[in-house]
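Index from 1, following the sequence. Whatever order the structure lists them in is the order used to number ligands and atoms, beginning at 1.
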Amino acid sequence: MGVTLQTPMIFTPSPNFDARSGEVQHLVLHYTGMQTGAAAVERLCDPAAKVSSHYVVDEDGTIYCLVEEQFRAWHAGISYWRGIQALNESSIGIEIVNPGHEWGYRPFPDAQIAAVLALAQGILNRHPIPARNVVGHSDIAPDRKQDPGELFPWKDLAGQGVGVWTDELSEPGDIEADLAAIGYDVRLPISDLITAFQRHFLPEQVTGETNQATACRAAALRRLTGTS
Ligand SMILES: [Zn+2]
């Protein structure tokens, strides 16, 4: 069953990949964090850079296909989610063109999000990726990464079957235990974990500080996705 895309897909093969030995079980979303989409695609195809992703989605919705899904692209780096480390092995990576916090972070245009949504839905149809394993780079590397950031419309995507979301606020518990159950690596500094959690699940309050709303949202999300 194919996915109908409104926008063109352009094949721009990257040499930066190798063999994958396991099953795909994560979808990792990024922003490019560079001044232009063209510069990002160029870097992701540069053998000297040793980085890549499976796809790049430009701001007008154009999708660049760099690495075939069966292969391991090099986008996640040192990473952790729900007990799994080094997520390049088990993930598909989508780079979403945006200058990022360094170069002028700005809202993701509707055409771009529509393309990301269609692409992600297709990926989820082709691989056994649970909704709770649709993550941002900042979720799996919270001490190093901020992308795709608090402007990314996680709630809208979850409403279309890509990822998880809750508007609920449950009775707060031990927030570190809740974050661990959701998937975060609690060996890292708690303020990094709180910031990453807020960027994804409480984007109107990215403070890095534990407050009532954050604790309540984490408790609610743990009930939805976590393990006890
Ligand atoms: Zn990233």
Side-chain angles (χ1 to χ4, degrees), residues 12 14-18 20 24-46 48-59 62-67 69 71-82 84-109 112-113 115-117 119-120 123 129 132-154 157 162-163 183-185 188-189 192-201 203 206 208:
T12 313
S14 169
N16 301 330
F17 70 90
D18 54 13
R20 190 201 288 288
V24 173
Q25 45 181 319
H26 303 92
L27 174 60
V28 181
L29 304 186
H30 305 255
Y31 67 46
T32 50
M34 295 184 69
Q35 284 166 302
T36 68
V41 170
E42 188 175 334
R43 175 171 156 77
L44 293 165
C45 292
D46 177 356
K50 296 192 183 336
V51 292
S52 62
S53 61
H54 294 89
Y55 301 98
V56 176
V57 181
D58 213 337
E59 289 185 295
T62 302
I63 298 172
Y64 296 87
C65 181
L66 277 57
V67 175
E69 293 178 6
F71 296 118
R72 179 167 65 180
W74 303 339
H75 57 96
I78 296 167
S79 49
Y80 173 101
W81 191 248
R82 300 182 70 87
I84 306 286
Q85 302 195 60
L87 269 67
N88 283 341
E89 181 62 38
S90 59
S91 67
I92 294 195
I94 302 177
E95 287 277 359
I96 303 164
V97 172
N98 190 295
H101 293 86
E102 188 175 355
W103 297 104
Y105 192 41
R106 59 193 184 213
F108 298 88
Q112 185 181 37
I113 292 304
V116 170
L117 177 62
L119 179 61
I123 291 166
I129 302 172
R132 65 192 186 190
N133 283 356
V134 177
V135 292
H137 202 186
S138 57
D139 292 314
I140 63 170
D143 54 333
R144 302 188 297 118
K145 296 293 176 179
Q146 302 178 289
D147 60 310
E150 61 278 5
L151 295 178
F152 189 75
W154 290 107
L157 262 71
V162 177
Y184 292 91
D185 184 353
L188 298 173
D192 291 346
L193 303 178
I194 296 286
T195 302
F197 176 81
Q198 290 170 337
R199 283 191 202 287
H200 190 149
F201 296 108
V206 183

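The minimum distance between the Zn ion (ligand 1) and any N, O or S atom of D147 involves atom OD2. Per residue H137, closest N, O or S atom to the Zn ion (ligand 1): atom name ND1.
At most 12 heavy atoms of other shown residues, nucleotides or ligands fall within 6.0 angstrom of atom CD1 in I78.
Taking the six-membered ring where tryptophan is involved, the planes of F71 and F17 are tilted, since the angle between them lies from 30° to 60°.
H30 lies close to the Zn ion (ligand 1), since one of its N, O or S atoms is found at a distance under 2.8 Å. Among the atoms of E95, no N, O or S atom falls under 2.8 Å of the Zn ion (ligand 1).
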Working for side chain to side chain contact (heavy atoms under 4.5 Å, CB included), residues W154 and F201: CA-CA 8 Å; W154 290 107; F201 296 108; over 6 Å; no

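Looking at E95 and R43, no side-chain N of the basic residue comes within less than 4.0 Å of a carboxylate O on the acidic one, giving no salt bridge.
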